[in-house]
Amino acid sequence: MRRYFGRKLLIYGLTFFVAVTVNWMIPRFMPGDPVASMVARANVSQPEAVEAMRAYYSSLFGLDQPLLSQYGNFWGALLRGDFGTSIWLFPTPVSQVIGAAVPYTLALVVPSVLLSWVVGNRFGAYAARRKLLDNTVLPVGYVLTAMPYMWLAVLLAWSLGVIAGIFPVAGGYSFSMRPHLSWAFLLDLLHHWTLPFLSLFLVALGGWAIGMRNMIIYELESDYSTYLSALGAPDRLIRRYAFRNAVLPQITGLALQLGVIVAGALVTEIVFAYPGLGSLILKAIQNKDFFLLQGTFLFIVLGVLIANFIIDIVYVVVDPRTRAGMAGAQA
Amino acid sequence: MTTIQEAVPREPAAVRREALHFAVRNGKLMTGLVIVLALLLLGLFGPLLTGAAPNEYGPQPMSPPSGAHWLGTTTFGQDIFAQFVHGLRSTFVVGVVGGGIAAVIGMVVGFVAGYRGGILDEVLNMLTNVILVIPTLAVLLIINAYLGIRSVAVQGLFIGLTQWPWAARAIRAQTFSLRTREFVDLARMSGSGTGRIIAREIAPNMSSYLFMTFILLFGGSVLIASSLDFIGLGPTEGVSLGLMLQNANQWSALQLGMWWWFVPPGAAITAIVGALYVANVGLDEVFNPKLRET
């Protein structure tokens, strides 16, 4: 048990370390000069002003110090929660810009991940024993998983938004509203949230359903199922055991898929101009705001790591073999 | 263990003949293959059919599909069919480069970790797990944004470099189960080196598995590339299907009702990736007698 978590924590720690190091290295070792491109973007013609800006940006990056202490400073600032200053929204700190966007992304990702997982597993489990359902779930599932996230989002926006006119196709809330706490505003939020949520939910759904279907079929053909049915156990009981065993790999799958799902959310947000991290990244790229980009990157990595760790804990709670196995010698 | 039968190597030609026999009769595999091949041919020969350059501005903006423009034109009069067929090419290039590189790295890491074991395995396994947890798109975002130079091949390269971990993990697990088999022991006793045993004994025995891994990596690369293109980090020269989607979105094709701009590229990506997945299931049935439907 302790060994299991020790290993996991080591991996997460290393991952975070690698991510931060990559994040620090890229602007320093990549061809092309981010400072130069930021200065160029400011469109200043006087040489003194250019020099002043260059010095300013260099000190912001800390580029005027030796590499090793730059690296140390980077970590120091990071641990103090200082992600630098946004250039696009100068002089707002990056952490503040990200903080404003995160609730929207979370509100989109968490429900779509959890719901698609639960519903997909249910569908898959049913499909495994009903031929009729199987013949529809399987092809639809394959089409859904093969779809690029943004394309489904575009199709939904076009059909339900533009043509049918049921849902708004852009923004997190109506332009005529200001964020405040009231039923009208909450309803408006929900109205804008529906389409992005739906597109994320649907794309992820197919994969879970197919995975569960395959696992259940595999479990139903295994020795313990055959043995149980030979003993005369009711089908319901056998299926319940099969479901329990099949769910475990799906939990691992959830951990592996997290990064992909978050990426999908970013792209979907861009389609709907939803005010979360995805739209922020687009703005950062368009405005060459590298501080903001790096900040969001670290934030996403941190989010994925935390989510993975939660899944690890859930896994131990759900799977007795991990508990038993990790206490013993097995790695 | 009942490995006596497996230890006797079967005639490779006979195995191949049997696989082919079931392959031709497998509906899923054939459907998937036909779709992918059709799109590949369209990508290869389509640009010859249409004289229009993909990014050239034409005189008839925003026209729906017609005889002159098979898939209509963009807001700037660019011929969408021309963009589409050129975009198909980039999609296949990204898939082959990204999937190929990821498969090669995954194979090397997986084979070595699985066969050698010990500390080397621990280290490689740790590395694999670390990279597995980092969200790929976030890394690619950062790299692409700074690099700026972006051809389709470079994009494929970077996608390949970030996508290998799960393949390495799967191949490691397979190698692990193969390395204790009799025929591997036999080869080891006869004095073959690690590389030779992996290349001659282990890899051929999971060639079907390796091929299927490549197919999945190919599909994954195509999807990741389309996301990158859509965010505005696509190739700076040329066209791709993701880039078409980005342009359509950026120039409000949705609100203008220009469905011919955003439906074909997305449909093509979905068709290619979906067909690959379905073909993969078919292949699985061909190679794994347990899964065959009678």
Side-chain angles (χ1 to χ4, degrees), chain A residues 10-12 14-15 17-19 22-23 26-27 30-32 34 37 138-139 142-152 154-155 157-158 161-163 169 210 221 255-256 258-260 262-264 266-267 270-271 278 281-282 284-286 288 290 293-294 296-297 300-301 303-305 308, chain B residues 122 125-127 129-149 165-166 169 219-220 222-224 226-228 230-233 241-242 245-246 248-249 253-257 259 262-263 265-267 269-278 281 290-291:
Chain A
L10 181 63
I11 287 175
Y12 292 144
L14 265 176
T15 311
F17 175 76
V18 169
V22 164
N23 206 8
I26 288 173
M30 278 286 160
S37 70
L138 208 56
Y142 277 115
V143 172
L144 283 179
T145 39
M147 265 189 197
Y149 280 87
M150 67 279 186
W151 192 56
L152 183 62
V154 165
L155 288 187
W158 179 54
V162 175
I163 294 182
V169 292
I210 291 175
E221 281 170 2
L256 286 179
L258 263 176
V260 180
V262 169
L266 301 182
V267 184
I270 293 175
V271 174
I281 285 176
L282 186 67
I285 290 171
Q286 286 168 348
K288 290 215 182 299
F290 291 122
L293 197 60
Q294 286 184 292
T296 36
F297 168 78
I300 293 169
V301 171
V304 170
L305 288 183
N308 262 294
Chain B
E122 291 276 331
N125 209 8
M126 194 67 97
L127 180 75
N129 282 331
V130 165
I131 300 188
L132 201 62
V133 198
I134 299 183
T136 310
L137 192 85
V139 181
L140 289 175
L141 260 168
I142 295 274
I143 295 175
N144 272 10
Y146 279 103
L147 259 184
I149 36 149
W166 72 259
R169 212 188 207 191
V222 168
L223 284 180
I224 296 176
S226 72
S227 293
L228 281 174
F230 190 77
I231 298 178
L233 296 171
L241 296 177
L245 277 174
Q246 190 221 358
N249 191 54
L254 232 70
Q255 285 77 5
L256 297 170
W259 53 267
F262 56 80
V263 169
I269 297 172
T270 310
I272 293 174
V273 179
L276 284 174
Y277 287 169
V278 171
V281 176
K290 262 195 199 166
L291 297 173

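Computed from a predicted model, the values in this text were never measured in an experiment. Naming: A, B, ... by sequence-line order, numbering from 1 per chain.
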Looking at chain B, which one of [options] has the largest number of heavy-atom pairs inside 4.5 Å, strictly under?
options	result
V262(A), V143(A), N23(A), T145(A)	T145(A)
A255(A), A263(A), G161(A), P148(A)	P148(A)
T296(A), V267(A), V18(A)	V267(A)
I163(A), L266(A), I285(A)	I285(A)

Interatomic spacing from [atom1] in [X] to [atom2] in [Y] - rounded to 0.5 Å:
X	Y	atom1	atom2	result
L293(A)	I142(B)	CG	CD1	4.0 Å
W151(A)	L223(B)	CH2	CG	12.0 Å
L137(B)	I300(A)	CG	CD1	8.0 Å

Which bit of [X] is near chain B, if near means a heavy-atom gap under 4.5 Å: side chain, backbone, both or neither?
X	answer
F17(A)	neither
I281(A)	side chain
I210(A)	neither
M150(A)	side chain
L144(A)	neither
L155(A)	side chain
V162(A)	side chain

I'd like to check [X] versus [Y] (side-chain heavy atoms, cut-off strictly below 4.5 Å). Are they in contact?
X	Y	result
F297(A)	L141(B)	no
V301(A)	P135(B)	yes
M126(B)	L10(A)	yes

Whether F262(B) and W158(A) hold their rings parallel, tilted or perpendicular, with breakpoints at 30° and 60°:
perpendicular
Using a 4.5 angstrom heavy-atom cutoff, name the option from [options] with the most pairs to chain A.
options	answer
A271(B), G274(B), A138(B)	A138(B)
G219(B), A248(B), A267(B), G242(B)	A267(B)
V139(B), I272(B), T136(B), V222(B)	V139(B)
V278(B), V263(B), L276(B)	V263(B)

Segment of N249(B) engaging chain A (4.5 angstrom heavy-atom cut-off):
side chain
Output all residues satisfying side chain to side chain contact (heavy atoms under 4.5 Å, CB included) with T15(A), sequence neighbours left out; order by chain, then residue number.
I11(A), L305(A), V130(B), V133(B), I134(B)
Sequence-distant partners of I270(A), side chain to side chain contact (heavy atoms under 4.5 Å, CB included), two or more places apart
L282(A), F230(B), I231(B)
